[in-house]
Amino acid sequence: MFEKTTWIKLPRNVLVGHDVIDDLGEAVGELYLTGRPLIVTSPTPNEIAGDRVRAQFDDPATAVVEDASFDAVEELKATAEAVDPGYLIALGGGKPIDIAKMAADHLDVGFVSVPTVASHDGIVSGRSSIPEGDTRHSVAADPPLAVVADTTLLAEAPWRLTTAGCADIISNYTAVKDWRLARRLRNVEYSEYAGALSEMTAELLVENADMIRPGLEESAWVVVKALVSSGVAMSIAGSSRPASGAEHLISHQLDRIAPGKALHGHQVGVASIMTEYLHSGENGRWAAIRDALAELDAPTTAAELGIDDAELIAALTSAHEIRDRYTILQGGINESAAVEVATATGVIDE
Ligand SMILES: NC(=O)C1=CN([C@@H]2O[C@H](COP(=O)(O)OP(=O)(O)OC[C@H]3O[C@@H](n4cnc5c(N)ncnc54)[C@H](OP(=O)(O)O)[C@@H]3O)[C@@H](O)[C@H]2O)C=CC1
Ligand SMILES: O=C(CO)COP(=O)(O)O
Ligand SMILES: [Zn+2]
């Protein structure tokens with residue numbers, strides 16, 4: 001008997017464009033939500049856009065989160081109990097969005113994502129990643145009911161956050177390679193649709209890296225659309241597989257070994273140069289990935305990440321231990337091979 005079931009959860013309204021933050025009320029109105037919104041934000045986005053968001057709703061409540069933690073999720077849930085919202089609006093970067101995403105899941109209400117930075121695909125995905133101690137917990141949650149991404153605001157956001165978003169997308173290229181490898185060698189469930197969408201999104205950024213420039217609204221538009229596509233690919237797959245392979249394992253290890261030194265997207269970008277080399281050897285596309293990252297002003301070396309060579313090698317050699325996800329690093333890479341790939345790709349100096 002055929003028993004396969006597919007259940008894809010996607011945002012219903014995705015609005016990307018100039019000043020679309022002023023259309024948030026309308027976009028939310030189309031979702032037939034009831035009750036008052038609780039706006040979950042952090043200090044800077046609240047200052048930049050909080051009033052514009054509040055002005056579009058009757059009786060909105062606001063919670064300002066200072067840091068990303070499980071305590072912040074619990075505090076937000078306590079606030080929600082007091083204000084009894086019908087839904088949450090997450091306004092800001094990954095910090096308020098992930099906290100709202102996880103709290104919405106626990107409270108069994110929907111949430112709308114209003115990113116003010118294009119820093120990684122978590123701003124549109126159904127994955128919540130919260131730091132705790134020296135580790136980060138990445139858990140599945142429902143994706144946003146709607147995404148409203150104002151390209152005017154995103155173009156003005158710090159460029160390094162946008163380049164991190166670009167690098168997170170470029171890393172999809174190796175994530176899909178790992179996923180296909182896992183299908184071939186472990187028969188893991190694979191979605192042709194999700195794999196193709198994710199790969200195409202990464203290719204698009206690699207091909208057009210020279211056109212993505214700071215302060216340009218058109219560039220913000222390309223980047224956020226790519227992040228949305230990546231989020232959709234994850235929703236189709238029902239997992240982060242299309243956007244997270246060995247390069248993400250290395251980055252997750254760096255979060256433990258060298259916490260707070262570099263942005264998620266920048267770490268996965270540099271790691272992706274090396275995992276592409278491991279997949280395809282010296283004639284593979286590792287140099288194209290590196291050049292696209294460099295074109296985007298994203299780091300391509302451990303030094304540019306602010307990470308010591310020894311920290312990078314420690315992350316590479318232990319990345320396979322942290323998650324039951326088959327990748328090119330399955331079984332681990334030993335220290336001399338790790339040094340070899342890192343030096344061959346120029347990630348560390350000889
Ligand atoms: N779900 C997922 O798949 C993933 C989730 N994450 C999580 O996301 C978080 C990191 O994401 P990130 O977006 O960098 O985090 P933040 O939300 O902390 O945003 C980064 C910085 O940008 C500021 N900021 C936000 N909007 C603007 C703007 N328009 N102009 C100027 N500054 C602005 C914030 O200000 P302020 O300090 O005032 O908030 C903050 O200092 C972490 O908690 C991490 O665990 C990371 C990767 C993947
Ligand atoms: O960052 C992600 C995709 O870009 C999410 O992946 P993880 O499941 O590894 O946290
Ligand atoms: Zn990522």
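Quick note: residue numbers are just sequence positions, from 1. Counting starts at 1 for both ligands and their atoms, in listed order. Reckoned from all heavy atoms, side chains included, excluding hydrogens, waters and symmetry mates.
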Practice prompt. Before accepting this row, confirm whether a basic side-chain N of the pair Arg52/Asp19 lies closer than 4.0 Å to the acidic partner's carboxylate O.
Written response: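 Between Asp19 and Arg52 there is a salt bridge, with a charged N closer than 4.0 Å to a carboxylate O.
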Worksheet item: Salt bridge between Glu203 and Arg285, side-chain N to carboxylate O under 4.0 Å?
Response: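 Answer for the salt bridge query: yes.
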Item to complete: Might you list the protein residues in contact with ligand 1, defined as having a heavy atom under 4.0 Å from one of its atoms, sorted by chain and number?
Response: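 Only Ser42, Pro43, Thr44, Pro45, Ile48, Ala68, Gly93, Gly94, Lys95, Pro96, Asp98, Thr116, Val117, Ser119, His120, Gly122, Arg127, Ser129, Pro131, Arg136, Ala157, Pro158, Leu161, His264 have heavy atoms that fall under 4.0 Å of ligand 1, ordered by chain and number.
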Quick one: look at [X] and ligand 2, take heavy-atom pairs under 4.0 Å, and tell me if it's side chain, backbone, both or neither.
X: His264; result: side chain
X: Glu247; result: neither
X: Asn172; result: neither

Discussion item. If only side-chain N and O atoms count, and only distance matters, is there a donor-acceptor pair under 3.5 Å linking Asp168 with His248?
Written reply: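 Indeed, the side chains of His248 and Asp168 share at least one donor-acceptor pair under 3.5 Å.
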Discussion item. Less than 3.5 Å apart, any donor N or O on the side chain of Asn172 or Glu199 sitting next to an acceptor on the other?
Written reply: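 Absent: no donor and acceptor within the cut-off.
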Practice prompt. Measure across Ile130 and Ala68 and return the closest heavy-atom pair with its distance rounded to 0.1 Å.
Written response: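 Looking at all heavy atoms of both residues, the shortest contact is CG2-C, 4.3 Å.
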Worksheet item: What protein heavy atom is closest to atom 8 (O) of ligand 2, reported as residue, atom name and distance in Å?
Response: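 It is Ser240 OG, 2.7 Å.
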Worksheet item: Quick one: nearest non-hydrogen protein atom to atom 10 (O) of ligand 2, plus distance?
Response: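 Minimum-distance protein heavy atom for atom 10 (O) of ligand 2 reads Ser138 OG, 2.8 Å.
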Fill in: Numbered atoms and elements of ligand 2 in range of Asp121, under 4.0 angstrom, heavy atoms
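Close to Asp121: 2 (C), 3 (C), 4 (O).
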Item to complete: Looking at His264, pick out the N, O or S atom nearest to the Zn ion (ligand 3) and give its name.
Response: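 Output for this pair reads NE2.
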